[in-house]
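One structure below.
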Amino acid sequence: MTQRPGRLVTLDGPGGVGKSTTLAALAERLRDRGDQVHTTIEPSTSALGQFTRANADHIHGRALACLVAADRYDHIRNEIQPHLDAGDIVVCDRYLASTLVVQRLDGVPEPFLLALNADIVLPDLAVLLTADPRTITRRLTARGAHHRFEHHPDAPAREVELYEQAEQTLERLGVPVLTVDTSSVTPSETAERIGNVLPSRPGSVGSRDGLDGNMATP
Ligand SMILES: Nc1ncnc2c1ncn2[C@@H]1O[C@H](COP(=O)(O)OP(=O)(O)O)[C@@H](O)[C@H]1O
Ligand SMILES: Cc1cn([C@H]2C[C@H](O)[C@@H](COP(=O)(O)OP(=O)(O)O)O2)c(=O)[nH]c1=O
């Protein structure tokens, strides 16, 4: 049971699956029903986050893993935790699950990643967006690849597979996971499904009822 007044909801999934688009739809839905929402992103918008994002194509493996983790601890201390303390639903575009996938694509073993992230604030709900790899490739092609992890033609299929493994790891850590296949649903339908499993007033509706275990894999 979480003791903080707010909730941390994270959105992860393969590049181009629709995280940013879904985050905007989710924030709108939660605000429309009266929730206090703070949206954020990793790498964060701090100087360290901007450095990480700008250099992620040149810094590799364990070094990038450390940089991403350092940015995460800084992000938690200066932005996430204050908003949780204020009772906000904090919705973060990429978090621990991305590390468990992107850094593994970069050859970093999972135990090293878990050790680096051992003291982070765990999500109250980790949403994993997935889709048919061909659908992801289509979305990625239409939007354009942003970084080296999105350029390989097999990236979407490999990422889908690694997110399935990350789901098991998150569950072992006790993190409630909601997996949504976005292949044939709109961002607003995805947002509705996420909103449906989040209590409207943080801390007031049956605490974590409905948030334990993997609630949906359509
Ligand atoms: N059902 C859907 N859910 C989310 N995004 C979708 C969906 N269908 C198409 N898209 C499109 O996919 C593209 C990639 O979305 P984006 O949010 O940038 O992905 P990500 O943040 O995961 O890299 C966008 O052009 C978005 O409009
Ligand atoms: C959150 C996170 C990001 N990254 C890297 C991957 C990318 O190079 C970069 C940002 O990814 P991404 O959010 O996909 O960028 P964009 O918003 O431009 O599509 O940060 C990691 O390596 N590990 C992580 O845990």
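For ligands, and for the atoms within them, numbers begin at 1 and follow the listed sequence.
Looking at R148 against ligand 2, nothing comes within 4.0 Å, counting heavy atoms. When non-hydrogen atoms are compared, ligand 2 lies under 4.0 Å from the side chain of L64 (C-beta onward) but not from its backbone.
For the residue pair T182 / R139, a side-chain donor-acceptor distance below 3.5 Å is found, with atom types taken as modelled. Between the side chains of D181 and T130, no donor-acceptor pair is found at a separation under 3.5 Å. Side-chain atoms of H83 and D88 form a donor-acceptor pair, as typed in the model, at a separation below 3.5 Å.
No side-chain donor-acceptor contact under 3.5 Å links Y95 to the backbone of V9. At distances below 3.5 Å, at least one donor-acceptor pair connects side-chain atoms of E150 with backbone N or O atoms of H146. In this structure, D124 contributes its side chain and L8 its backbone to a donor-acceptor pair below 3.5 Å.
Heavy-atom contacts from other residues, nucleotides or ligands closer than 6.0 Å to CZ of R143 number more than 12. The number of heavy-atom neighbours closer than 6.0 Å to CZ of R31, taken from other residues, nucleotides and ligands shown, is above 12.
Closest to atom 4 (N) of ligand 2, if we only count protein heavy atoms, is V68 CG2, 4.3 Å. Summary of contacts: the protein heavy atom closest to atom 17 (O) of ligand 2 is R53 NH1, 3.3 Å. The single protein non-hydrogen atom nearest to atom 12 (P) of ligand 2 is R94 NE, 3.4 Å, given as residue, atom name and distance. Looking from atom 5 (C) of ligand 2 to the surrounding protein, the closest heavy atom is A56 CB, 4.3 Å.
The nearest non-hydrogen atom to atom 14 (O) of ligand 2, considering only H75, H147, H146, comes from H147. Among K19, R72, Q103, the residue whose heavy atom sits closest to atom 21 (C) of ligand 2 is Q103.
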Inset, instruction - Assess whether salt bridge (Lys or Arg N to Asp or Glu O under 4.0 Å) is satisfied between E161 and R158, documenting all intermediate values. - result: CA-CA 5 Å; E161 190 185 313; R158 181 77 181 121; 3.1 Å; yes
Legend entry - Chi angles and distances behind the salt bridge (Lys or Arg N to Asp or Glu O under 4.0 Å) call for K19, E159: CA-CA 14 Å; K19 297 177 291 297; E159 284 197 75; over 6 Å; no
Inset, instruction - Could you walk me through whether D35 and R7 pass the salt bridge (Lys or Arg N to Asp or Glu O under 4.0 Å) test, one step at a time? - result: CA-CA 11 Å; D35 289 329; R7 298 264 149 169; over 6 Å; no
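Close contacts of ligand 2 with E150, meaning ligand atoms under 4.0 Å from a residue heavy atom, involve 14 (O).
Looking only at side-chain heavy atoms (C-beta outward), D12 and D93 stay at 4.5 Å or farther from each other.
The shortest N/O to N/O separation between T99 and ligand 2 falls below 3.5 Å. Not a single N or O atom of E42, backbone or side chain, sits closer than 3.5 Å to an N or O atom of ligand 2.
Within the 4.0 Å heavy-atom shell around ligand 2 one finds P43.
A heavy-atom cutoff of 4.0 Å around ligand 1 is satisfied by the protein residues P14, G15, G16, V17, G18, K19, S20, T21, T22, R139, R143, T182, V185, T186, P187.
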